2 protein chains.
Amino acid sequence: MKDRMTAAARMTGHTQRGQCAKRMSILDAAADVFCREGFAGASIDEIAAVACVSRQTIYNHYREKETLFIAVVEDVMNRANTMLFSMLSTFPDSADNLEDELTAFVVRLNKNCICNHDGKFLRKLVQTEGERYPHLFESWRQHGPGKLTTALSALLARLAHKGALVIDDFDVAARQFVALGNADLQMTVLFGGVPTDEELERAARNAVRTFLKAYGGPGAEKTDPQLQLAAVSS
Amino acid sequence: MKDRMTAAARMTGHTQRGQCAKRMSILDAAADVFCREGFAGASIDEIAAVACVSRQTIYNHYREKETLFIAVVEDVMNRANTMLFSMLSTFPDSADNLEDELTAFVVRLNKNCICNHDGKFLRKLVQTEGERYPHLFESWRQHGPGKLTTALSALLARLAHKGALVIDDFDVAARQFVALGNADLQMTVLFGGVPTDEELERAARNAVRTFLKAYGGPGAEKTDPQLQLAAVSS
DNA sequence: GACGTTTTAGACAATGGCGTCTAGTTTTAC
DNA sequence: GTAAAACTAGACGCCATTGTCTAAAACGTC
């Protein structure tokens, strides 16, 4: 309990930017401990230890445990939001080489938004404390998955308009796209582990291939020898 | 906190089968409270109140909080396992009317294994306490999703062998099948709500339609006027 | 180098939960 | 109907945690 220290805390050995560094260190540590122990199980003393900060300093910045908790959630959400925004700006815009571009996008999405620390934290949190803090849940829903599927939906519409995809319901397709992207990672993600780059790549490729088989436009037939084989063997 | 009572507890007002009824009542109540509050947040007193049982009775049946917790998990897992087994036995075996049969299967699966109390409990649990009790997690992984995807994989292989489906990797397809089946329910499920029958039906239909578009055999072309429209409009 | 602010370490009361114990009641079994 | 077993209600000690308080130390700024 005493020997854990986040990266931010480690950087803060001696006043890198005073008050602000402490705050960040506390938020990092709190996110870590809250994520591991849940709200009830997390103790301020442990957070203080992880943050390499005295307990009083925490109470100095945040009135009480719940205040700290809310602050942590907002912090993580903001970070995740920024990341999501930057992800959305890397949407593939051209339709040539669609498969590779979509695959790369799924890899980035999973790596930076789903499988990283913040994604894990938020998912866990929403499941455990979502009922206790409904407005928090609502906020996550709108700013996280909501924004993602909306944006994805728009992208798919664009691609369909170009003729690269054939889609009847863009919202459904967007949700399915995300679901397929996670299909192979569910276990790893639930376990809390971080998938390797190779796993990410493979998962994304599987997802996109299936997605394109279902929604690919007339030009996306890339006949796969395996498939023909399977078809023949029946 | 005092006015909550599970169905089992309510039935137990006066000794329906003595010791056994109490046990069930305790397990039900504990599952409820553990699910709501997490391990650390759940108090024995509250569980006792929900179960309409004195605290001593709980300690009489289970040595300590953790013993009770483990017992609850095993109980829920057993129930879920039985349910899953009964689900697997209703696998569609014929390949005619495949779409409707698969849809009905997805509806049943989601309703009875994913969206019900036990499914919610186990998912929450694995996320929050999975790291604290790794063997528990492993057990869930093997008996729950593991068994499901294995069985699904076998089913898909059977259908592919008949020529109803064209699949290159059965395991991947099985995971994708499950993922697609949940795609439209993620939010409802995370929120803890129970989707309506209509939602279930719609979600399953979307999932199966996409799955068949990707993996449907040569005979599954059911040309959709919407699609043609979208394809033309490009 | 001095002053004001921030941080620290630790003591402190208050709270609440866990697990034990006891004495009295109800239920079950014979 | 009686004896054994199970259950109840409540008191109890113990411990961890929260949040406050204080005196000393470290820090930043001028």
Side-chain angles (χ1 to χ4, degrees), chain A residues 1-6 8-30 32-34 36-72 129 132, chain B residues 1-2 4-5 8-30 32-34 36-72 129 132:
Chain A
M1 274 198 203
K2 210 98 193 183
D3 49 350
R4 307 192 86 263
M5 214 194 271
T6 70
R10 220 175 288 116
M11 285 167 48
T12 310
H14 274 276
T15 59
Q16 151 202 346
R17 190 46 107 248
Q19 78 260 16
C20 185
K22 292 269 182 214
R23 268 190 114 89
M24 282 171 40
S25 168
I26 292 172
L27 285 176
D28 267 3
D32 184 28
V33 177
F34 277 135
R36 239 183 317 121
E37 314 284 350
F39 179 78
S43 99
I44 299 280
D45 281 315
E46 190 181 351
I47 295 174
V50 174
C52 296
V53 144
S54 94
R55 178 175 57 251
Q56 185 54 36
T57 302
I58 293 181
Y59 283 108
N60 197 347
H61 284 275
Y62 305 97
R63 193 159 39 78
E64 55 187 0
K65 195 180 179 182
E66 184 164 327
T67 316
L68 170 61
F69 180 70
I70 301 286
V72 169
E129 321 287 353
R132 204 186 310 275
Chain B
M1 279 201 202
K2 210 99 194 180
R4 310 192 83 262
M5 215 194 269
R10 218 174 289 115
M11 284 166 48
T12 310
H14 273 277
T15 61
Q16 150 201 346
R17 190 45 106 249
Q19 78 261 17
C20 185
K22 293 269 182 214
R23 268 190 114 87
M24 282 172 39
S25 168
I26 291 172
L27 285 176
D28 267 2
D32 183 28
V33 177
F34 277 135
R36 238 183 318 120
E37 314 284 351
F39 179 78
S43 99
I44 300 280
D45 282 314
E46 189 181 350
I47 295 174
V50 174
C52 296
V53 144
S54 95
R55 179 176 56 250
Q56 185 53 36
T57 301
I58 293 181
Y59 283 106
N60 198 346
H61 284 275
Y62 305 97
R63 192 160 40 80
E64 55 188 1
K65 195 182 180 182
E66 185 164 327
T67 315
L68 171 61
F69 180 69
I70 301 286
V72 169
E129 322 285 353
R132 204 187 310 276

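Quick caveat, the model's predicted, so the values are computed rather than measured.
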For this session: For A:I26 and A:I47, work out which heavy atoms get closest and say how close.
Result: O-CG2, 4.3 Å
For this session: Verify, without hydrogens or angle tests, whether B:K65 (side chain) and B:F39 (backbone) share a donor-acceptor contact under 3.5 angstrom.
Result: yes
Seminar exercise, completed: note: B:R23, atom CZ; D:dA6, atom C1'; distance rounded to Å ~ 13 Å
Problem set entry | Rounded interatomic separation in angstrom, taking NZ from A:K65 and P from C:dA14 | 21 Å
Exercise. Can you tell me how far P of C:dC18 sits from CD of B:Q56, to the nearest Å?
Worked result: 14 Å
Exercise. Could you state the CG-C1' distance from B:D45 to C:dG19, rounded to the nearest angstrom?
Worked result: 11 Å
Exercise. Taking only side-chain nitrogens and oxygens of A:N60, does any of them come within less than 4.0 Å of OP1 or OP2 of C:dT6?
Worked result: no
For this session: Let me know the distance between OH of B:Y59 and P of C:dG17, rounded to the nearest Å.
Result: 11 Å
Exercise. Given C:dT5, is OP1 or OP2 found less than 4.0 Å from the side-chain N or O atoms of A:K22?
Worked result: no
Exercise. B:A42 near the nucleic acid: base, sugar-phosphate alone, or nothing, with a heavy-atom cut-off under 4.0 Å?
Worked result: sugar-phosphate
Exercise. Is any side-chain nitrogen or oxygen of A:S54 closer than 4.0 Å to OP1 or OP2 of C:dT7?
Worked result: no
For this session: Grab the CZ-P distance between A:R55 and D:dT20 for me, whole Å please.
Result: 11 Å
Problem set entry | B:F69 and B:F34 aromatic ring geometry - parallel, tilted or perpendicular at 30°/60° bounds | perpendicular
Seminar exercise, completed: In short, A:R36 meets A:E46 closest at the heavy-atom pair NH1-OE2, 3.2 Å
Exercise. B:Y62 versus B:I44: any side-chain heavy-atom pair under 4.5 Å?
Worked result: no
For this session: Would you please confirm or rule out a distance under 4.0 Å between OP1 or OP2 of C:dT6 and any side-chain N or O of A:H61?
Result: no
Exercise. Whole-Å distance between D:dA6 P and B:I26 CD1?
Worked result: 13 Å
Exercise. Roughly how many Å is it from CD1 in A:I44 to P in C:dA9, rounded to a whole number?
Worked result: 16 Å
For this session: Could you tell me whether the side chain of B:E64 has a donor or acceptor atom within less than 3.5 Å of a complementary atom in the base of C:dC18?
Result: no
